[in-house]
Participant: 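Structure incoming, see below.
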Amino acid sequence: MAPLFVFPQKLQALEKDDEEEYQGNRLFVQNAIDIARFRPSELEEFVKGVSFDLSDKEIYCIEEQDVFDRVYSLVRGFSSLAPSCKFILAESLRSNLSVLLPNVDSLVRVSQVQDDDETPTLDRVTSYRNAFKIYSFFLLHIILTEESNTGSSNNAKVIASSRKKQPVNSWNWESQRGRMLNLIANSLEINLSLLFGSADPDENYLSFIVKNTFSMFEKATLLKDSETKDALCHIIGACATKYHYTEQSSASIMHLLHKYDFVVTHMADAVAFAEKKYADGTLACSLIREIGRTNPKSYVKDTAGAENIGRFLVELADRLPKLVSTNIGLLIPHFGGESYKIRNALVGVLGKLVAKAFKDVEGEVSAKSIRLQTKQAMLEILLERCRDVSAYTRSRVLQVWAELCEEHSVSIGLWNEVASVAAGRLEDKSAIVRKSALNLLIMMLQHNPFGPQLRIASFQATLEQYKKKLNELEPVKLTEGMTDGVPSDNDSINGEGEVDNGNAEEVTNYQPESLTDSLAHTEQEIASQDSSVPDVGNVEQTRALVASLEAGLKFSEYIAATMPTLLQLMASSSATDVENTILLLMRCRQFQIDGAEACLRKMLPLVFSQDKSIYEAVENAFVTIYIRKSPVETAKNLLNLAIDSNVGDQAALEFIVGALVSKGDISSIAISALWDFFCFNVNGTTAEQCRGALAIICMAAKSSSAILGSHLQDIIDIGFGRWAKVDPLLARTACIAIQRLSNEDKKKLVLSNGSRIFGILESLITGFGLPDNIWYAAADKAIDALYILHPTPETLAADLVKKSLSSVFDGTRGDALQNDIASGNSIVLSTIQVVKLSRYLFVASHVAMNQLAYIESCVRKIQKQKGNKGKVDSEGTENAETQKDNGINAELGLVASEDAVLDTLAERAEKEIVSGSYSEKNLIGECALFLSKLCRNFVLMQKYPILQASAMLALCRFMIIDAKFCDENLQLLFTVVENAPSEIVRSNCTIALGDLAVRFPNLLEPWTENMYARLKDPSVSVRKNAVLVLSHLILNDMMKVKGYINEMAVRVEDKDERISNLAKLFFHELSKKGSNPIYNLLPDILGKLSTQDLQKVSFCNIMQFLIGSIKKDKQMESLVEKLCNRFSGVTDVLQWENISYCLSQLSFTEKGVKKLIESFKTYEHALSEDSVMDHFRNIINKGKKFAKPELKVCIEEFEEKLNKFHMEKKEQEVTARNAEIHRQKVGNMEGFVMAGNNGEESAESDIAEGVSDSEVINTPVEAQTESSNDESTSKLVEPEESSGACSEVTEQEEETEIQSQRDNKKGASRSRVKKSNMKDVKVTLSATTQRVTRLRKKVEE
């Protein structure tokens, strides 16, 4: 019998040493051959010889010493073999082992036949066992050797492949590796108990196999080969489960999971394979127990390991849900751990279990009940985790709920509870949680079990009908139940209105058909008022349907209630919030949720967002909702948007329509459909729709002006025709269309219909055909159109002003009326006169503004012509003489003088608009003088608010045009903006101040404080406009941030939410400029706010917001020093509290903490206040969280120093307060002694009152108090007699102070006690009188 083969620790251990002579029955290498000395041809022959012996001899010939030595020699030098030799050797060993495995089963049959003589069988078993071990060992060593050289061999292969084409039978290691590992894995499936003589194989064998298998799991590239990976998983599963190598395998798996993230899924596959292959979950249970008993604190430091363990648990729950569900109790305690990654994983595990572990409904009723209870407990944990302290965990829980909804694993009874949680998380402070909540609501809508329409009215109507049906059926059912003698108790709805578990499946299966059908026909049922409803079956089914309808109604109400929150999220600074909110609103619109359509229209202003992703989200949503329809539907959608939009939405709509026209998303067919609506070619078109269509066409014309050219006549005929009387705004829209015409179309219009169009515009401006509220908007656009179309607009505009003026001051009374108004006399104007005067002022001022714009356009046109001429000249078209002249002009400066002349002429033309020439005033100038006097007639202005609004608007326009006129009327403007009773006037003037600050910054600079004062206006409208104006000026560098910025900071806490949001937006944008100006402004804002009458909460919110906008660590560190320095010289306790609060809101770095410690001297005097001390304690707690050990020691010492100093300060205050009380008492006592000179009676009465007080205060210590009074009095007269007098008096006064506090609370009882003790006072009065007499004598001496 051959020696036994024992698995060595390494290959070289098989070589026999002299020291191992005693191990005689063990197979060693006797004659190792150095294959390095062979030539390639000799080595190949040697390998072929070994291969021939392995194939020609017995299968267990490998245990023969000669064969064993030669194979060992080749395996030892395997890396140096040629590829062909490697292939021959590996294939020989692999094929022999594959033949050996089936022969093991034959041994079982042979052993059963030869029961009488077991010796030959045992010998063969030993030989087979040796051969099995040797083949397995050598194959595994070949695999390990080749894998260790993978990097270098890959490089060699790349080089070789570039030089020479490899043969067909070349060494392909990946395929060989997979086959060899599969063979080893299959070897574990044979009856090894016969080979090894026990149920478990040799310990060394298993240890060697498992150790090297796990070492191969450490290579990510190896695991990419599916065949290799499956074989490794097979080996681990078999060893750990079949051969009870569980404990060691679990330890190795845990080690790999903590160390490598790429093994997570592969280990889960291995564990799942073991359970499914052998129907034994021992390995999985062992791992879960190991994870469960791990200290949760250990995962806080090992974040990578925690993440890997968590992923493994989720993968395991996905593959083995039932097994994990039975062991989930071991993992639940980790919910209380600090590692959010483990909690995230457990949440994912619960989600997998809920979705997969409870699908099997077979089994006993008790087992089914237990499973349902377990599932319900898991769902409750998931709901509870929605309030986890970690935002990552809250987000993960919501993601799990979304997955459950997608897999239809959430029951109807729980649906609304989940919806409520998701709706609440929309207001979470973390963006990732809000994103997950939005995605969850999207998923709930998409997979809701209530139907494709979720309108509240539809649900209510259908629910009412089925409730009536249920009420009709219930008496019948009740009668049947009472007939049997027992009431029916099969209610499918519990007391809380939820569907019972017993009928949940019936409701879910039945509901989609009946509920969807009923909802689809709801409107027809309501219209026909048909009392009959579809019969859904018996009472239980009807009750289940009613419960489903109630749940659906509640769900619709939950989603509809989120619309205000979704509006806020659309204004979020987070792009993900906006994008996902738009997606949710689109889904809500699809399911007809109430309010979704209106909310979607609020997204239009987001097209101006600088964030590209937000703009793309809005554009995609807009195209999906309104554009991707038939051309007629697209046109109808767009014109309806134009009709219902406000001014801001129209600007956004114009922007996005122009962009879509440029991109071709709005096709020419859709434009044609819009023209059909405008021309009333579509049946049922209204004047309002006609206006909306023209408005959209005007928006499209901004990108392609040729759109309007084909319907010029229609624009004039319809836009200014009879339909303009039906919808007065149609004329205004037609004026806009005229302005958007191309230059060619404008010329064509003037040539063909010039007189007509100018006549129409003039009658529109000077006539009274339009209502007042529409006339101003129409006249505005009409004057603009005149200046764009007319070749000499100033002549026509002058006629307009004259006609408007004559309509106001016509006849003999006109001049007198004008003089009365200008002189400030108190007069009475008729309504018509007020309207005409207001219109005249509007026309004159608007003409003046257009004249200014017209002058600037003429200057630009001349400059453009000069530029074009210069460009042509530079191209060499002029002759040499011309070039010479231009050169001379350039040298003399004549070219520059031409530009100066042009600028002078433009400036003179602008001045003449209002100021006129040197000798006389022009038409607008006369109006300006009159207007200035009119606005100063405050009595008249207050009497007619409409006239004041028009007059002040005109005044502001004239001031914008002319600097001199502006300077003369600035005082008037600020007087009106501060004192005008009409908030409309104040708002208009506030807006005008912004324009004036842009045009004449030097004139407005001294009035900066007055402009900031508008932020304190009682009107919401004025404050909002003030915030907008100042934000525009400051953010565009047209106004310097001065010392009044604190007023803008106060607006952060404005009562109006929109103003508050605008102020926050201002500071948010301001923080992006340069190096964040807020950093420099913060100390000044702090000082100003501390002196204002602000509530504590408001102050804290403002400063917290401002400090939050400072992100740089250096600025934070510098602020620590600045704020500490503000303590110096401040004695106000409120300011101490405010400064310390701001310090507590800073994000402290290590340097910041050191600066705070170094600045101790600056704030030590403020530490006596408890509130200040609380803020410093918050700072210390913050510092401890991030501090390194060295810094932590400094922080702790600083904390001790603060506490010690705080206590000392408190003691000093108490001492000082007691000393002050003592001083006052001493003064009172001296006064009492001196008062004794005035008479004995007064002294007696004083003493009597004092005695009575002392008796009331503390009767048990009467004698002590009286003696101490005597002693202290005598010692006050002669203080040099004893040094302890002061201390005695101090103690007495402290006691008196404490007693007096109690005395104040009992005033009523005190007076009663006085009366009762009066007799005792009289008894002791004579003795007291004698003592006072003696004391007075001493004082006199």
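As the structure is a computational prediction, the values presented were derived from the model and not from experiment.
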Participant: With rounding to the nearest 0.5 angstrom, report the CD to OH distance, Glu1047 to Tyr1044.
Facilitator: 10.5 Å
Participant: Locate the shortest heavy-atom distance separating Met1048 from Ser1031; write the atom from each residue and the value.
Facilitator: CE-OG, 3.9 Å
Participant: Has Asn1010 got a side-chain atom pairing as donor or acceptor with Phe974's backbone, closer than 3.5 angstrom?
Facilitator: no
Participant: Rounded to the nearest 0.5 Å, what separation is found between the CD1 atom of Ile1107 and the CD1 atom of Ile1102?
Facilitator: 11.5 Å
Participant: Is there a donor-acceptor pair closer than 3.5 Å between any side-chain N or O of Ser987 and the backbone N or O of Glu983?
Facilitator: yes
Participant: Step by step, would you call Tyr1163 with Phe1176 a ring pair (Phe, Tyr, Trp, His ring centres under 6.0 Å)?
Facilitator: CA-CA 11 Å; Tyr1163 54 79; Phe1176 275 95; 4.7 Å; yes
Participant: For Glu579 and Ala617, which heavy atoms make the closest approach, and how far apart are they?
Facilitator: CG-CB, 3.9 Å
Participant: Checking Lys1122 against Tyr1079: charged group under 6.0 Å from the ring centre and within 45 degrees of the axis?
Facilitator: yes
Participant: Applying side chain to side chain donor-acceptor pair (under 3.5 Å), name anything that partners His1165, two or more places apart in sequence or on another chain.
Facilitator: none
Participant: Could you tell me how the ring of Tyr1141 sits relative to the ring of Phe1099: parallel (under 30°), tilted (30 to 60°) or perpendicular (over 60°)?
Facilitator: tilted
Participant: What's the shortest heavy-atom distance between Cys386 and Leu398, and which atoms?
Facilitator: SG-CD2, 4.2 Å
Participant: Using atom types as modelled and distance alone, determine if a side-chain donor or acceptor of His1175 lies under 3.5 Å from a backbone N or O of Ser1144.
Facilitator: no
Participant: Between Lys1111 and Asn1076, is the side-chain hydrogen bond (donor to acceptor under 3.5 Å, both in side chains) condition met? List the steps.
Facilitator: CA-CA 9 Å; Lys1111 306 296 183 184; Asn1076 193 351; over 6 Å; no
Participant: Just how far is it from atom NZ of Lys1072 to atom CG of Leu1035, taken to the nearest 0.5 Å?
Facilitator: 10.5 Å
Participant: Under 4.5 Å between any side-chain heavy atoms of Leu1086 and Leu1123, yes or no?
Facilitator: yes
Participant: Among side-chain atoms of Asn344 and Thr393, is any donor-acceptor pair under 3.5 angstrom?
Facilitator: yes
Participant: Would the distance check show the side chain of Ser1060 and the main-chain N or O of Asp1056 forming a donor-acceptor pair, the cut-off being under 3.5 Å?
Facilitator: no
Participant: Please examine the side chains of Ile1157 and Lys1201, heavy atoms only from C-beta on, and report whether any two atoms are closer than 4.5 Å.
Facilitator: no
Participant: Give, for atom CG of Asn988 and atom SG of Cys956, the distance between the pair rounded to the nearest 0.5 Å.
Facilitator: 8.0 Å
Participant: Is there a side-chain contact between Met1207 and Asn1203, using heavy atoms and a 4.5 Å cut-off?
Facilitator: no
Participant: Are the side chain of Arg425 and the backbone N or O of Ala437 linked by a donor-acceptor pair below 3.5 Å?
Facilitator: no
Participant: For side-chain hydrogen bond (donor to acceptor under 3.5 Å, both in side chains), just list the numbers for Ser1109 and Ser1071, CA-CA rounded to whole Å, side-chain angles, deciding distance to a tenth of an Å, and then say yes or no.
Facilitator: CA-CA 6 Å; Ser1109 63; Ser1071 66; 5.1 Å; no
Participant: Taking the side chain as every heavy atom from C-beta outward, state whether Cys935 and Leu955 have any atom pair closer than 4.5 Å.
Facilitator: yes
Participant: Is there side-chain contact between Ile1034 and Ile1045, with at least one heavy-atom pair below 4.5 Å?
Facilitator: yes
Participant: Check whether any side-chain heavy atom of Glu427 lies under 4.5 Å from a side-chain heavy atom of Leu569, and answer yes or no.
Facilitator: no
Participant: Using a 3.5 Å distance criterion without hydrogens, assess whether the side chain of Asn1036 forms a donor-acceptor pair with backbone atoms of Met1038.
Facilitator: no
Participant: Using the ring of each side chain (for Trp, its six-membered ring), is Tyr340 parallel, tilted or perpendicular to Tyr392, with breaks at 30° and 60°?
Facilitator: parallel
Participant: Look at the side chain of Ser1098 and the backbone N and O of Leu1094, then say whether any donor-acceptor pair between them is shorter than 3.5 Å.
Facilitator: no
Participant: Verify whether the ring centers belonging to Phe1160 and Phe1205 lie closer than 6.0 Å.
Facilitator: yes
Participant: Test side-chain hydrogen bond (donor to acceptor under 3.5 Å, both in side chains) on Ser430 and Asp428 and set out the steps.
Facilitator: CA-CA 5 Å; Ser430 173; Asp428 197 282; 4.7 Å; no
Participant: Could you walk me through whether Thr1149 and Glu1117 satisfy the side-chain hydrogen bond (donor to acceptor under 3.5 Å, both in side chains) test, starting with their C-alpha distance in whole Å, then the side-chain angles of each, then the deciding distance to 0.1 Å, before giving a yes or no?
Facilitator: CA-CA 7 Å; Thr1149 60; Glu1117 294 161 7; 2.8 Å; yes
Participant: Find the distance between CG (Leu567) and CE (Met563) and round it off to the nearest 0.5 Å.
Facilitator: 8.5 Å
Participant: Is the shortest heavy-atom distance from the side chain of Leu1030 to the side chain of Phe1066 under 4.5 Å?
Facilitator: no
Participant: Run Phe1148 and Lys1154 through side chain to side chain contact (heavy atoms under 4.5 Å, CB included) and show every step you take.
Facilitator: CA-CA 10 Å; Phe1148 277 85; Lys1154 289 181 179 178; over 6 Å; no
Participant: What's the shortest heavy-atom distance between Asp577 and Ser572, and which atoms?
Facilitator: OD2-OG, 2.9 Å
Participant: List the steps, then state whether side chain to side chain contact (heavy atoms under 4.5 Å, CB included) holds for Leu426 with Arg434.
Facilitator: CA-CA 5 Å; Leu426 291 177; Arg434 297 194 298 269; 5.7 Å; no
Participant: Would Arg1217 and Glu1220 satisfy salt bridge (charged side-chain N to carboxylate O under 4.0 Å, His left out), going step by step from the backbone distance to the final call?
Facilitator: CA-CA 5 Å; Arg1217 187 165 55 248; Glu1220 178 67 18; over 6 Å; no
Participant: Any chance you could lay out the side chain to side chain contact (heavy atoms under 4.5 Å, CB included) test for Ser390 and Arg394, step after step, and finish with the verdict?
Facilitator: CA-CA 6 Å; Ser390 171; Arg394 297 197 299 272; 5.7 Å; no
Participant: Where the side chain of Arg1023 meets the backbone of Lys1016, is there a donor-acceptor pair that is under 3.5 Å apart?
Facilitator: no
Participant: Locate the shortest heavy-atom distance separating Thr576 from Lys435; write the atom from each residue and the value.
Facilitator: CB-CD, 4.5 Å
Participant: Indicate yes or no for a side-chain donor-acceptor contact from Arg1014 to the backbone of Ala1026 under 3.5 Å, with no hydrogens or angles considered.
Facilitator: no
Participant: If you apply the rule side chain to side chain contact (heavy atoms under 4.5 Å, CB included), what do you find for Met952 with Leu973, and how did you get there?
Facilitator: CA-CA 8 Å; Met952 289 307 302; Leu973 178 60; 3.9 Å; yes
Participant: Run the salt-bridge test on Asp1054 and Arg1051 with the 4.0 Å N-O cut-off and return the result as yes or no.
Facilitator: yes
Participant: Go through the side-chain N and O atoms of Thr1162 and Asn1125 and say whether any donor and acceptor fall under 3.5 Å apart.
Facilitator: no
Participant: Please name the pair of heavy atoms, one in Ile1078 and one in Leu1106, separated by the smallest distance, quoted to 0.1 Å.
Facilitator: CG2-O, 4.0 Å
Participant: Return the CH2 to CZ distance between Trp1136 and Phe1127, rounded to the nearest 0.5 Å.
Facilitator: 9.0 Å
Participant: Walk me through it: do Lys1073 and Asp1037 pass the test salt bridge (charged side-chain N to carboxylate O under 4.0 Å, His left out)?
Facilitator: CA-CA 10 Å; Lys1073 293 177 68 66; Asp1037 298 324; 3.3 Å; yes
Participant: For Asn969 and Phe965, indicate whether the former's side chain and the latter's backbone hold a donor-acceptor pair under 3.5 Å.
Facilitator: yes
Participant: Is the closest side-chain donor-acceptor distance between Asp611 and Ser609 under 3.5 Å?
Facilitator: no
Participant: Would you say Glu338 and Pro296 make side-chain contact, with heavy atoms under 4.5 Å?
Facilitator: no
